[in-house]
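Quick notes on the structure that follows.
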Amino acid sequence: MSLFAAAAEPAFVVPTLLLDISFLALLVVVAFAIVRMRSLFGIVMLQGVYSLVSAAWFVSLDAVDVAFTEAAVGAGVSTVLMLSAMLLADRKSTPVPMSRQFGALAVVVLAGAAMLYAVGDMSAYGDVNSPANAYVGMDYIAKTAEDIKIPNVVTAVLASYRGYDTFGETVVIFSAGLGVLLLLGLNGNSGRWVARPNGQVINDRSAPSAGLAQDLRSDEQRAEAET
Amino acid sequence: MSELFSQYNYVVVIILMMTGLYTVFASRNLIKKLAGLSVFQTSVFLLYITIGKVSGGQPPILIEDKGYGADKDGHALLDGPIQLAAGDGSYILPGPGTDVLYSNPLPHVLILTAIVVGVATLSIGLALTVRIREVYHTIEEDEIQNMDFVYNLEGTAD
């Protein structure tokens with residue numbers, strides 16, 4: 001903390017404040033629109049917009065590495081993933097009746113109130129001497145130049161100081177890829193496998209909404225599903 | 001009042017987090033649920049990054065000292081006096097005698113890992129959704145539960 005005694009700054013810089021408020025307002029608008037919207041295409045695109053606006057705000061918050069990762073991975077890759085899943089599934093979501101939303105609303109309001117109660121204990125926004133900003137993060141800044149000899153502190157911590165964590169992250173990605181392959185199938189069998197719970201077949205025509213609870217497939221199809 | 005105003009970012013980020021959580025809880029559509037989860041997750045990232053912001057700071061990429069705060073062409077790199085080193089190519093560190101401030105790199109590192117892990121969980125969730133759709137022909141949660149009941153998948157009546 002004594003490192004920064006000479007470098008105290010005023011808590012608010014007006015242009016940054018304006019930028020922060022506009023980004024936050026945009027984020028709130030987009031998040032509320034996602035709640036209200038029923039077209040899945042719109043929801044997926046707005047989720048990408050949300051990621052992109054947060055990436056822009058990350059730049060203003062000095063987190064440039066996080067910003068380009070969020071723009072590439074959060075706004076790019078996950079939007080593509082969600083779009084492709086949406087194409088394989090449905091395009092519209094059915095509305096949820098108001099009476100079934102009160103439980104969720106109550107939980108969310110309670111959790112939000114508890115967190116807002118705790119906000120008073122947080123240090124001020126941008127405080128240079130806050131506990132979060134004073135200890136180990138500053139040690140990394142002070143030692144990176146000497147230990148790792150590269151200018152980017154985030155890269156130094158990610159790839160060198162905490163290299164094992166990054167390796168673990170790679171293992172997580174590998175397992176996720178493996179899981180997706182196992183779920184969707186490598187050998188083109190995707191979609192042909194039919195569940196037969198208790199010897200019954202679930203499909204469009206046998207769905208409860210169709211009022212028919214028996215197997216309506218042809219004998220060939222049934223024989224194929226058996227093998 | 002001024003204290004609350006100095007923490008406005010946390011208040012808004014909590015509202016955003018709760019909006020995402022509400023989408024997860026209230027919607028019955030599995031893809032909309034995952035979109036809500038994604039919003040919730042991005043809001044948690046925002047919470048961490050705002051904690052690491054230092055007012056008047058700059059990104060945690062160390063500035064090389066090229067002689068009293070000027071680059072090769074003589075343009076000033078920073079405002080104010082820099083007395084740390086006389087252009088020996090070392091990096092300028094924060095401390096007495098300099099007015100350079102870096103934001104906290106630690107939350108950035110944590111969130112970089114979290115973003116990538118978030119995409120991994122999202123892809124698994126979407127693959128599950130596609131499989132559920134193949135078997136149940138719907139991704140609406142209440143219809144799936146209804147089918148489980150009709151077909152006795154919960155195994156209560158046997």
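Below, chains carry the letters A, B, ... as their sequence lines are ordered, and counting in each starts from 1. Not measured: the values here are computed from a predicted model.
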**Study point:** Candidate pair Ser55(B) and Tyr125(A), rule side-chain hydrogen bond (donor to acceptor under 3.5 Å, both in side chains), full reasoning
**Key:** CA-CA 8 Å; Ser55(B) 195; Tyr125(A) 175 43; over 6 Å; no
Practice item. With rounding to the nearest 0.5 Å, note down the distance linking CD1 in Ile49(B) to CH2 in Trp57(A). Key: 10.0 Å
**Study point:** Close side-chain approach of Tyr140(A) and Val109(B), heavy atoms under 4.5 Å
**Key:** no
**Study point:** chain B contact via Phe32(A) - which portion, at a heavy-atom distance below 4.5 Å
**Key:** both
Exercise for review: Among Thr23(B), Thr42(B), Val13(B), single out the residue with the greatest number of heavy-atom pairs under 4.5 Å to chain A.
Suggested key: Thr42(B)
Practice item. Against chain B, label Val59(A) side chain, backbone, both or neither, depending on which of its atoms sit under 4.5 Å from a heavy atom there. Key: neither
Review point. Can you say whether Leu46(A) sits under 4.5 Å from chain B via the side chain, the backbone, both, or neither, judging by heavy atoms?
Key: neither
Practice item. Name all pairs fulfilling the salt bridge (Lys or Arg N to Asp or Glu O under 4.0 Å) condition that reach into residues 57-83 of chain A, sequence neighbours left out, sorted by first residue then second. Key: Asp62(A)-Lys53(B)
Exercise for review: Answer with side chain, backbone, both or neither: which region of Ser60(A) has an atom nearer than 4.5 Å to a non-hydrogen atom of chain B?
Suggested key: backbone
Exercise for review: Tell me, for Ser43(B) versus chain A, whether the close heavy atoms (under 4.5 Å) come from the side chain, the backbone, both or neither.
Suggested key: both
Point to revise | Phe23(A) atom CZ: more than 12 heavy-atom contacts under 6.0 Å | key: yes
Revision key, fill the gap. Whatever's closer than 4.5 Å to a heavy atom in chain B on Val180(A) counts as both
**Study point:** Closest non-hydrogen atom pair between Ile124(B) and Ala176(A), with its separation
**Key:** CD1-O, 3.5 Å
Check your understanding: Roughly how far apart are Ile43(A) CD1 and Ser27(B) OG, rounded to 0.5 Å?
Key -> 7.5 Å
Review point. If you round to the nearest 0.5 Å, how far is CG of Leu30(B) from CG of Leu40(A)?
Key: 10.0 Å
